[in-house]
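Hydrogens, waters and symmetry mates play no part in the numbers below; they use all other heavy atoms, side chains included.
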Amino acid sequence: MVAWLPLLLAPLPVLGALDKTHGVRPDLLARYAPQGSTWKCLDGSKEIAWSAVNDDYCDCPDGSDEPGTSACPNSSFYCRNAGHIGSSILSSRVNDGLCEPECCDGSDEKPGVCPNVCDEVGKEYRKKRDAERKMQKTGSKIRSTYIAYAHKEKTRLEGLIAELEKEVATREAEVARLREIAEHAESLSAADIEHKQKSPLYQSLLTHHTALKSLQREHKKHLEREKALGEVLDSLRTGYNPNYQDMAVLEAVRGWETLAGLPHINDVRKDESEGAGDAAAEGQVQEAEELEEGIWDAAKIEKELDKLLKEDHTSLLLQHDKHIDAPGPSILFDLSSYVPDSIRPEFEAFRDIVVSWLAAFGLAKPVDVSGSADFARQELSDSEHSLKLTENELKEARVDFGDIFDPKGFGPEGEWKKLDGLCLSKDTGDYTYEICLFDEAKQKPNKGGSNFSLGKFTSWDTQQEPGTPAYYHKQRYTLGAKCWNGPQRSVELVLECGIENALLSVAELEKCEYQITGTTPALCTPPTDDDATGKDEL
Amino acid sequence: MRSPNFSLLLLLLSPAFTAALKTGDWKTCATSGFCRRGRALSARAEEAGSSWHSPYSLDPASVSIAPADAAFTASVRSSIHPDAKFGLDVRVHEDGVVRVRMDEVDGLRKHYDEAASWSLIEEPSISHDVQWTVGKKDVRAKFGANEVSVQFSPLKVTLFRDGHEEVVLNGRGLMHMEHFRTKEGTAVPEVAEADDGAQKPLQVNAAAWFEGEEQDAWWEETWSTWTDSKPKGPESLSLDINFPNHGNVYGIPQHATRLSLPATTGPDAEYTEPYRLFNADVFEYLPDSPMSLYGSIPLMHAHSAKSTVAVFNSIGSDTWIDVKYPKKGSTQTHWISESGILDVFLLPGPTPEKVFEQYARLTGAPVLPPAWALAYHQCRWNYVSSDDVRGVQERFDESDIPVDVFWLDIEYAEGHKYFMWDQKTFPDPVEMIQDVEALERKMVVIIDPHLKRDSNFPAYQLASESEVLVKPKSGEGEYEGWCWPGSSSWVDFFNPGAWDYWKSLFQLSPRADGKWSWTESTAKVGIWNDMNEPSIFNGPEISMPRDSIHYGGWEHRDVHNINGMLFTNHTYQAAALRADPPLRPFVLTRSFYAGSQRFGAMWTGDNLGTWEHMAVGLKMVLANGLGGMSFAGSDVGGFFGNPDAEMLVRWYGVGIFNPFFRAHAHIDTKRREPYLLDEPYRSILRDMIRLRYAMLPVWYTAFHEASVTGMPVLRPQYTVFPKDEAGFAIDDQFYVGASGLLVKPVTEKGATEASVYLAEDQVYYNYFTHEAYRGSARGKHVTLPAALHEIPVLIRGGSIVPTRERFRRSSPLMKADPFTLRVALGADGAAQGRLYLDDGETYAHERGELVWRGFSASMDKKGKGRTLRIASEDLASRDPRGAVERGALGAYEARNAFAGAVEPVRVEKLVVLGLGARPTSVRVEGADGGELEWEYVAGVGADGKKEGKAGVLTVKDPAVSVARDWAVVVKM
């Protein structure tokens, strides 16, 4: 109950006039002085009576005449907070009946409303700040080991790159030499092979090959499609919320479970104690299909088909000829099997020359040479493959080398290199979330069911300038598994300085978009002197 | 909130999955047995033409007139069923409302006769003055300009005004109350083989000309995969209600259609289906359709330039209404209901105000909500954790955008067991609520009516123990259906035993009997009642089977449309009991019925983020207001979809002028809280939300008036200018209460200007630019700028609009802030306005703890100069009965404690619009202070014909109290 004031037909008593500099920021204090009896708004737009400053009525378009009241919107109020740190609050907080934590001196409300608690707040603040500084210090020490690691990595990669460059050079020479041999062998036999390839048998073989290849492609497409459908249905089964129930969804889930021989997901969820093991095992029980004799099963099809399709038909053609015509291979052609590998190319080159001479004199059939041409081609291709592998290795090493100190990669000081691939996880009850840094984020159900990819590492915080500290406080993992009625899953990993690499919280703020928070020493920079002295005495 | 009828097939086949209304989920008249019968009856009548006559007649000898009251009873017979007996009861209430009631007498069973009892606030008092006179052909009674006649044969009830027919019941002879019969007694006549081999029916069906030959869906009805057992057989009610002299009908919310209802039959029919009243959770409803939606109010206004009347057809079952305009200026309607008695109230008007008053007297005026409930509500399915809630609050505060309420949708509840916080995500619910309440904000938490059938869930377990759950058709055990939590049961709020059970759940302190109650909450937490149609995922039409059994053995079909209101009613009562002295609760409901206005707010359900839905939402809010549900709004932004920035901005432009202003979004949408938008959109939204806060005094005053008079908060054009025919169909602009604010929100993409209709010869001022526009008595359209950041808002000349223009984080933090008065001078140089204030949260206003002021401005020409006097007077002292709901205040004490508390609150600024001449002096009358500070910007005056920028006088800080009498005198 509020005591009644006597009714008077009169204006309200004027409130105790406010100090003209109440709420003025220290750097603006000098500008709050009258020029005669008037005063100019800070933006110069208007001249008003000095008495109109802080009179709880907004005169200036820029709101500068009411630094100490709430009369002007979108302006700010400064509390001095003697004994602690001065602070600015929005004018909408002034005289609203609430004591702002930012104004420990209580100056944001009329006198007597808010106590001055700056002593305690200051003490508390310093305590907290000291703890923070301590953590920062420890964290930054760890961080410097990360940087050292990056430098070591740099050296290691430099060595590796040099080594790989050498190896590439060696292999390139080898490839060049083998190519010469192969081309030579092929030029000898090309015309002959061309003739033989016109054989109907060969042509039919080619058609078979094309047919098989097409079938295999179709088969694979179907398998992939089935797998994709299975995945969609799996994620429907495990991911659908029975509470958003639609009977059509339930039917689809049950239908899939019957088809795939899975137990009903609700039963799986119910029997937590039995765990997912049983469910998974049950799911794997598949009836062995009865097959007609000689008919391949799926595994054999896959293996044999690949083999068949890899078959070199030209060499088959030649083998076939040999099988039909020749009494047996001459030792000349078989010799290569007895030649040690190390000198085989040389031997074969020599042999080819001999054979070509013999053929020229009609003493040997050049036909058989093509077997050797094929062999040479194989040698070349193997060698090319090795070269490619080494080249890739080199490329990777170079990329890694570049990433270490790339602002968009492991940071300008390479401080993140150490964490490359480090897996952190957080158990939230229903799920465990795992992020392997710079790689992939995953959601693993604790009660069984399949894992979902929440996305692969894509970038740092693209809203920020690369290289700035703010840039490294967020990582984006995108293009994870698709939600059954939503987008592909993604993660925003929000990091701050901490002495451990750890995940703190997980929240699905929007459907299938996860915000995960965590700490890492990689973000801890040594506390600056500025922080140390602070502005407490202001 | 939503029902998840996703189509898996669509999902798999179409990457751009666009869901839409599944029409197969809903009956049409043709697939609903009783509606089919009703329309067939109407078709037979049409075909018969003038030879058609109603089989019902009143036995003149049975007329029995009550000795002291304006009531009579009589027997009614039907020529097609001579054995069936009916009783008619007609009475005239004190305010001239005529109630016509007819029920079967001595029938095999009882028709449901309790619908009105749930709607009416009390048994209406019958007039002692009006006299019935029995004549040869009819019984008549005259009152004022009205007369009501009950014709004997055929039975016909007519309400006249000045000799003209206003409302006619059974004028087309379509009235039919299907009496109860036995299946055996009405078996279809067997066709017997006669001796001569010829086939002939054993008997002739004497009722066939009226009822049809077939027993169409009398005893059982299968629709889709559900079979309705219909143990009571046919019991439907058909009634034609005609308005021979009214060319526009409004009301019967809620439908996504225009305010002036398009025809469903006849030559200009725009729809093929009748309007349907059947509370239903319609997934992705259409923005232009007569389909039923979440709530049903069987109240229809009929309007002409001469008068406004209304009918309230108090029925709770599935009801279809055909509307036909046989000729210009005339309306026929046909109401077809599945069950219940005939219980119709004729509201004689003759003005919109009178109709609102008469309807409020029957079903109650909208309850005065807590003041904070008129501020901005931020909702989403879902804020996922207590930290999420805190984070959202922080972001609002960083952006300096005011917000009063944060909402929690179903995901707060572990396993969708409402009340039960999910400990993983909401480990500290009370602390979270307190963190929100520390800034004088509130939280609203959803409590749905379906209870998970889980013996560890106290709300279910206690209901099960006390046997207050709805029963299946067998009448034994508990009805079980499927909803968010999976297998669920529903509390039967028709059972009085459920009422105490429900109240006890909300008790904040641990219960004496050791039973569970929701102690993890606070007294200020608001409650959101969703899914109360009820929505049942595996039920027919996503609802409860009609043969399910409620208290007293009534079937669900009898009470379906009332069901949702009872849930809200008892939630409201339970929530009110949490604090002592009690706090006004806030309850939001999706389903509603006549009377729901007494329990809080409603919203238009799960709209889509489209321009069409934005536009129709406004029309729905206006229509709901006619039905008493003034506290209404549509989800800002659209529930489904991701609106682009332009649409979202426009939607806020609509939202800040909805009585209930809440942003909400589906779980699949992107977050779209206003602070997330880029500039300039974010600042536009901030300014719009701030405008709502500045205008809160206008809104609260309008709600106060609604709570006393029943007048809607948003007033459609025809209610303000009932004689201007050009305005009868206007439903895209409206007035806010009696404030004089005329608003036309933009609901079109790419708009840059808006055309506003002015129905009178008066000056209107652009609220923002002070541009003066001149209307015309013949009606005139004026064009207002409407760029994205602009909302077409006009102040009607002659209005004084009180605002509070300091922006706080939440509305209660504005309570000590000063007022600004915009004095918009009318063409005659005068203006009026009102302001109602109370503590905004308790019931102390009912004891007179309030301030109710009238502001006025008047121009005097004395001698040479002119004088404008702007004054504030105490309305509450002058009209204490008008100060609180239902005239409960006998006398007003101006020195009440609340008035004392707001005594220091001043008027900080007067803005006088339309002052044509520069003042020479501005002073507070009678005060010894000197000249006030003021500023004058020259421009056009209120009088005259000139358009252009109005002359504006701004008076700085007159330092007068908002709670006291004062006057400011402007001399020119």
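Atom SG of A/C512 sits about 8.0 Å away from atom CG of B/D668, to the nearest 0.5 Å. Between atom CG of residue A/D430 and atom OG1 of residue B/T425 there is a gap of 9.5 Å, rounded to the nearest 0.5 Å. With rounding to the nearest 0.5 Å, the separation of OG in A/S70 from CZ in B/R808 is 3.5 Å. One distance of note links OG of B/S810 with CG of A/L98; it measures 7.0 Å at 0.5 Å rounding. A distance of 9.0 Å separates CG of B/D387 from OG1 of A/T517, quoted to the nearest 0.5 Å. Summarising the geometry, atom CG belonging to A/D59 is positioned 7.0 Å from atom CD belonging to B/E933; distances are rounded to the nearest 0.5 Å.
In terms of heavy-atom pairs under 4.5 angstrom with chain A, the leader among B/T669, B/D400, B/L439 is B/D400. Of the residues considered (A/Q515, A/R93, A/E508), A/R93 shows the highest number of contacts with chain B, using heavy-atom pairs under 4.5 Å.
Environment of CD in A/Q463: sparse, with no more than 12 heavy atoms of neighbouring residues, nucleotides or ligands closer than 6.0 Å.
Taking all atoms of both residues into account, the shortest heavy-atom contact from B/T954 to A/Y57 is CG2-OH, 3.8 Å. The two atoms that bring A/N95 and B/D817 nearest to each other are O-OD1, 4.4 Å, heavy atoms only. Counting all heavy atoms, side chain and backbone alike, A/D56 lies closest to B/R906 at OD2-NH2, 2.8 Å.
With a threshold of 4.5 angstrom between heavy atoms, B/D957 approaches chain A through its backbone and through its side chain. Contact annotation for B/A665: neither backbone nor side-chain heavy atoms come within less than 4.5 Å of a heavy atom of chain A. Contact annotation for A/A71: both backbone and side-chain heavy atoms come within less than 4.5 Å of a heavy atom of chain B. The contact between B/R686 and chain A is made entirely by side chain atoms (from C-beta outward), counting heavy-atom distances below 4.5 Å. In this structure, chain A has a heavy atom under 4.5 Å from the side chain of B/E935, while its backbone stays farther away. Using a 4.5 Å cut-off between heavy atoms, B/K956 contacts chain A through both its backbone and its side chain. Looking at A/S91, the atoms closer than 4.5 Å to chain B (heavy atoms on both sides) all sit in the backbone: N, CA, C or O. Residue contact with chain B, scored on non-hydrogen atoms closer than 4.5 Å, involves the side chain of A/E513 exclusively.
B/R690 has its side chain within reach of A/P73: a pair of non-hydrogen atoms, C-beta onward, lies under 4.5 Å apart.
Between B/R809 and A/E100 there is a salt bridge, since a side-chain N of the basic residue sits under 4.0 Å from a carboxylate O of the acidic one. Looking at A/E66 and B/R806, no side-chain N of the basic residue comes within less than 4.0 Å of a carboxylate O on the acidic one, giving no salt bridge.
In this structure, B/F898 has no ring-ring contact (aromatic ring centres under 6.0 Å, His included) partners at least two apart in sequence or on a different chain.
Remark: side-chain polar atoms of A/E510 are not paired, donor with acceptor, to backbone N or O of B/K670 under 3.5 angstrom.
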